[in-house]
Structures are given as structure tokens and as C-alpha cells.
S.K.: 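Next up is a structure, given as C-alpha cells.
All chains are named by letter (A, B, ...) in the order of the sequence lines, taking the proteins before the strands, and each is independently numbered beginning at 1. What's counted below: heavy atoms across the whole structure, side chains too, no hydrogens, waters or symmetry copies.
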Amino acid sequence: MELPVISNTAPAAEGGGCASSGCGTAPDALGHLPDHIRAKVQDHPCYSEEAHHYFARMHVAVAPACNIQCNYCNRKYDCSNESRPGVVSEVLTPKQAINKVLAVAAEIPQMTVLGIAGPGDPLANPSRTFETFEELSARAPDIKLCVSTNGLNLPMYVDRIAQHNIDHVTITINCVDPEVGAKIYPWIFWENKRIFGVEGARILIEQQQKGLQMLTDRGILVKVNSVLIPGVNDEHLKEVSKIVKAKGAFLHNVMPLIAEPEHGTYYGIMEQPEPTPEMLQELQDACAGDMAMMRHCRQCRADAVGLLGEDRGDEFTMDKIDVMEVDYEAAMVRRKVVHDEIIEKLDAKRGIVKPKAEELGIPADARPVLMAVAGKNGVVAEHFGHAKEFLIYEASPAGVRFMSHRKTELYCGGMDACGDGDVAEAGSTESLLDRNIRVLEGCEVVLCSKVGYEPWAKLEAAGIAPNGEHAMEPIEEAVMAVYKEIAATGKLSPSAADRKAA
Amino acid sequence: MALQITESCVNCWACVDVCPNDAIYEDRPHFLVDDNKCTECLGDHGVPQCAAICPIEMAIVNELGEFLNPPGSLTGIPIEKLKEFGMWREAA
């Protein structure tokens, strides 16, 4: 039969969800890892910054039940327009999930990773979760399996995780102190009882730490996710980072709290502030001394499909999958070819040596500068008003380094009407443009393909130099070129007025 | 005696997995309790398991229509805030 395929050719390996050419650039944040671990993560988009440009992941939402309450989650909420953890449009049975995975893997050969992440806690749904893993490890052995968990039930399922060849586990650990935990987790369900407050948090923390140790003892890779909650666990996360590193976690991913009142979460309703991009970056930097930090997380949905930062879930709804016929044996052959090509390309890329700052005439004591880039496919490509996110780079005498991405809200509707969107929304005293400029706090330059007159003036007023001179140039080269221009003016010398308290 | 599930239920399966009597079944718009099977966990557990794991306030009621998890009891959100956000209602 004629398959309702979306595309007969593999989507180009480049030009996926992330706009940067080299988030993290060289050296890869995972550079310190032993070879056998690097080999395990080199095609895992959620673990390797390098890989996330080329390899895709998908989550299947087979795990609706949860056994704890987090103050940043509302179990009622389900909105297909939102992109954030815990949210899905469609809960699947294990059978539906397996069909979906096989269909996506045949269609998107660069999909290397299948995760079960919710919308509840996978290990609070052991039969649905492990049935899915068991069947997939038999039928699609070329797909890596991973699971995310709050850790409460982890110790009792570590052996089953090992048995199903799940070699990547993510544990969300927001605290190691029950007093802090009581401010994040109102209750847990444990040994047939709902346990509130500090006691509940104490048990959760104990199980998380025990589970982490059991996994690393078995050689299973563990990434730790933490939600940064200002005033609750911000300082505390530095200690969390040290402890999880000591227990063998290989990567720490600190994510910003999402707390909008309309989501109906405790934090949203109680107006708990979200961290600013600067706060997040400072904390990531503070933790970076202790372990590898992940900076390319896009906080994707529990049913996301595709490269990080994109979601092709709409192409694979159950009604579409039901009429697809998948020859997985044939697909595996095609997938192998695509994977090999990408790995070869990555290997080649690792060999490229980028010019050092000193070769470009930048003094060794020049201060670092943060720049925001409206990029696409690794080049400076986006119109300021069309950028859905800005990639934040730090230029310093050591070179150009990707720091983070910061999401914006689109304010520009038309191609030629960059000022038109600059109106405050009803009830808000701040226009979208002002809000987007605030997102760029700490940056001294914004690189984009084009900037309208009005944003230009506002950016300058905010102390951020708009720069449209490097349109279509590779991002890192453009950032270094601008850094060099600033250096030539003498503004980078340590004695020069330092606007940014670095 | 039997508990019941209200329209607040979000169909998350948590109660189905912990019920010692297999008394809860999937249905639309929300899951239901088979009152011939439900014992309110007497003899099995100190507290009804569905109500002990349910993440949603007001989703489980007893024969008198009383909420086992009244508004604010699980999230700690104050009643006035719940009213402000339309998340509060009187017992059934």
C-alpha cells in the first residue's frame, strides 16, 4: 500500500532544532569523560551537546501515574501548545507506543533515542514502562532506551532497568536536604500512605541517593536534572552538584523553574519567581567547577519527537500511525547508513582546530563578553524580530563558547513591520519588545541578520549593541570577529569601565 | 460501602495500580469505581489507597459525598487563591 509518508528522504542532518553550529563548541563539555562513556553518549542528543544537532530523540507518554507531588507541576494541565516537561497530548498504551516508535524510527533515521519520561513518573507505572522497554529492546535493538524518574521507586527497579539494557537514566534531584525538600514536594506516596512535608522529602531524598549509587555501581549512566527555584534551592544546588558528582552522575542539568499562574501549579499561583537567564547561567557556572553541566536542554514535552528544540509529534499521532506499515528490518539497514555517516562527520569535525584568540591579536587579559545571536543552522541568520530564541555565546581570549539559549516571544508579525509588534499587551505595562530585550540582560552585543529601526534604538538604549554586519556567517566566526572589533577599541582591557560585573 | 470518583479525575491510572480489589476501571470522561468490589480498603490498608495516591483534590468522595482530599489539602494552596483561580467547590 501507499504509505502516508511525510518525506521519503531523511531530513537533512544539519539544520535541526538547534540554531547553533556548535553549542558548547570545542572542547565538548563531555571531553573529560573516559572513552567508553563518550562512546555511549556520542549519539545521544540529550547528553552530548555535539550530538544534539544531528541525532533526534523521542519520548512516549506511557506513564501517566505519579507517586509524588512537585510544587511546579499540575497533574490537570495538558496543553498541546506548551512545550515543557510533564505535558502531553495523548497518553499511549504500550502497544501504541511501540507502533509509534517503530514508525518514527523508520521515518526519521537519525532518531537514536527513545525515552520514557512521563507525563507522571515512569517507575510509578512499572508494568506500562517495562512492557514498552521489553518489546522495543527485542524489536528495535538499534534504539537506545532511557528513562527519567523522580527516584522514589528507583532502588526497587534498578535491576529491571539493567535487565532491559537501559543504559541512560535521568533522576530529577532538586535537593539533598529534607527541609529544602519540604518546600518543593508537599507529599509523596510511600508504603501505602501519603506522607507529607519534611518526612516525605526525607524518604524521597534517601531513595534518590540510594538509586543513584546503585545505578552508577552497575555502570549505568546517570544524568541529574535539577529545577532552579529562586529562594528555595538556588544556593543549595551547588551542594547537590557536588554530591551527585561524588556518587558518579556524569552530567548535571540545571533547568529554570517554569511557574506561570495560568498553569495552576502551586508555584504559579503563589507567584514564586522564575529565575532570570542570568541567574541560571551564574548557577550553571558555579556548578561547572564540580562537574559537566548540560546547557543545551530545551525542557521538552513528555511526548516530544525530533531534534531537541523541535517537535514533530503532530506528524505521528495515533490515527496516522495506525495506517502506516513499517518494515523495521529494512528501516534498520537505512538507519545504520545514516548513523554511520553522522558519526563519521562528527569525527571529522573533532579534528578541526579553531583559531585561538591570541592569533587574532586579542590581549590575553581581555575581559569576556556575552553576545546574543539570532542564529539558524549554525549561521547568523535570523531577523531580530523573528528569533524564537537567542543563543548566548561568551567570547574571551580562550575562544568562543556557547553558554545557553534564551527563549523569546515573537513580537514581529510581518517581514517589514518590525516596530508594529511593539505594543503592550492588555494588562501589561511592558511591551513584548521590551520583554525580549530584558531577556538579553548581560549581553553587550546582539548579532542578527537584520534589525528594525525601533528595536535598534531600544537595544542601544539598553546598552546592547545591535549588529547586522555578519548575516549568514558561521556563528563562532562572527562572534570572534565582533570580539576582535571591540578589542581594537580598547574596551576590553581590565582597566576599562566594566559594565558587566563578571 | 464504596468510594466514588468525581469529574475532577484526570484519568492518570495511579489509583488503578494501587487498588487492592481491582475495583477501579477506565471509563470516559473519567475512571469509575465498581461499588460491588470497593471495600474502602478495610482489612487491607489503614487508608483507602486510591485517595492516598490521588494527586487531584476533590476527585474521590465517600458515600456522603465528602471529599477525601478537600480543596487545598494536597497542594497547600490557600482557599482564597483556589477561589480566585476557580479551583474550589463545595462538597458534592
S.K.: If I compare all heavy atoms of B:S8 with all of B:I56, which pair ends up nearest, and what's the gap?
M.R.: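 Between these two residues, the closest heavy atoms are O-CG2, 3.5 Å.
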S.K.: Taking atom CD of B:Q4 as the centre, report whether more than 12 heavy atoms of other residues, nucleotides or ligands fall under 6.0 Å from it.
M.R.: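 No, not enclosed.
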S.K.: Near A:K210 NZ, under 6.0 Å, is it more than 12 heavy atoms from other residues, nucleotides or ligands?
M.R.: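 Counting other residues, nucleotides and ligands, NZ of A:K210 stays at 12 neighbours or fewer.
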S.K.: Check each atom of A:E191 against the heavy atoms of chain B and say whether the ones under 4.5 Å are side chain, backbone, both or neither.
M.R.: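 A:E191 has no heavy atom closer than 4.5 Å to chain B.
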S.K.: B:N11, B:T75, B:I53, B:I77: which one forms the most heavy-atom pairs within less than 4.5 Å of chain A?
M.R.: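 Option with the greatest count: B:I53.
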S.K.: Hey, are the side chains of A:Q207 and A:W190 touching, using non-hydrogen atoms and a 4.5 Å cut-off?
M.R.: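 The answer is yes; the side chains approach within 4.5 Å.
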S.K.: Do you know which of B:P55, B:A14, B:P78, B:A52 has the most heavy-atom pairs with chain A at a distance under 4.5 angstrom?
M.R.: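 Highest number of heavy-atom pairs under 4.5 Å: B:A52.
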S.K.: So does B:K83 pair up with B:E80, basic N to acidic O under 4.0 Å?
M.R.: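 Here B:K83 does not pair with B:E80 in a salt bridge, since their nearest N and O are not under 4.0 Å apart.
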S.K.: Counting only non-hydrogen atoms closer than 4.5 Å, does A:P261 touch chain B with its backbone (N, CA, C, O), its side chain (CB onward), both, or neither?
M.R.: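 Both parts, heavy atoms under 4.5 Å.
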S.K.: For A:E131 and A:T129, indicate whether the former's side chain and the latter's backbone hold a donor-acceptor pair under 3.5 Å.
M.R.: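 No: the side chain of A:E131 does not pair with the backbone of A:T129.
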S.K.: When you measure from the side chain of A:Q208 to the backbone N and O of A:T172, does any donor-acceptor pair fall under 3.5 Å?
M.R.: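 Yes.
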S.K.: If you check every heavy atom in residues 175-186 of chain A against those of chain B, which residues fall under 4.5 Å?
M.R.: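 Listed by number, the contacting residues are A:P186.
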S.K.: Just checking, any donor-acceptor pair under 3.5 angstrom between side chains of A:D121 and A:T149?
M.R.: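 Indeed, the side chains of A:D121 and A:T149 share at least one donor-acceptor pair under 3.5 Å.
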S.K.: Go through B:L74, B:D17, B:D44, B:V18 and name the one with the most non-hydrogen pairs under 4.5 angstrom from chain A.
M.R.: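 Of the options given, most contacts go to B:L74.
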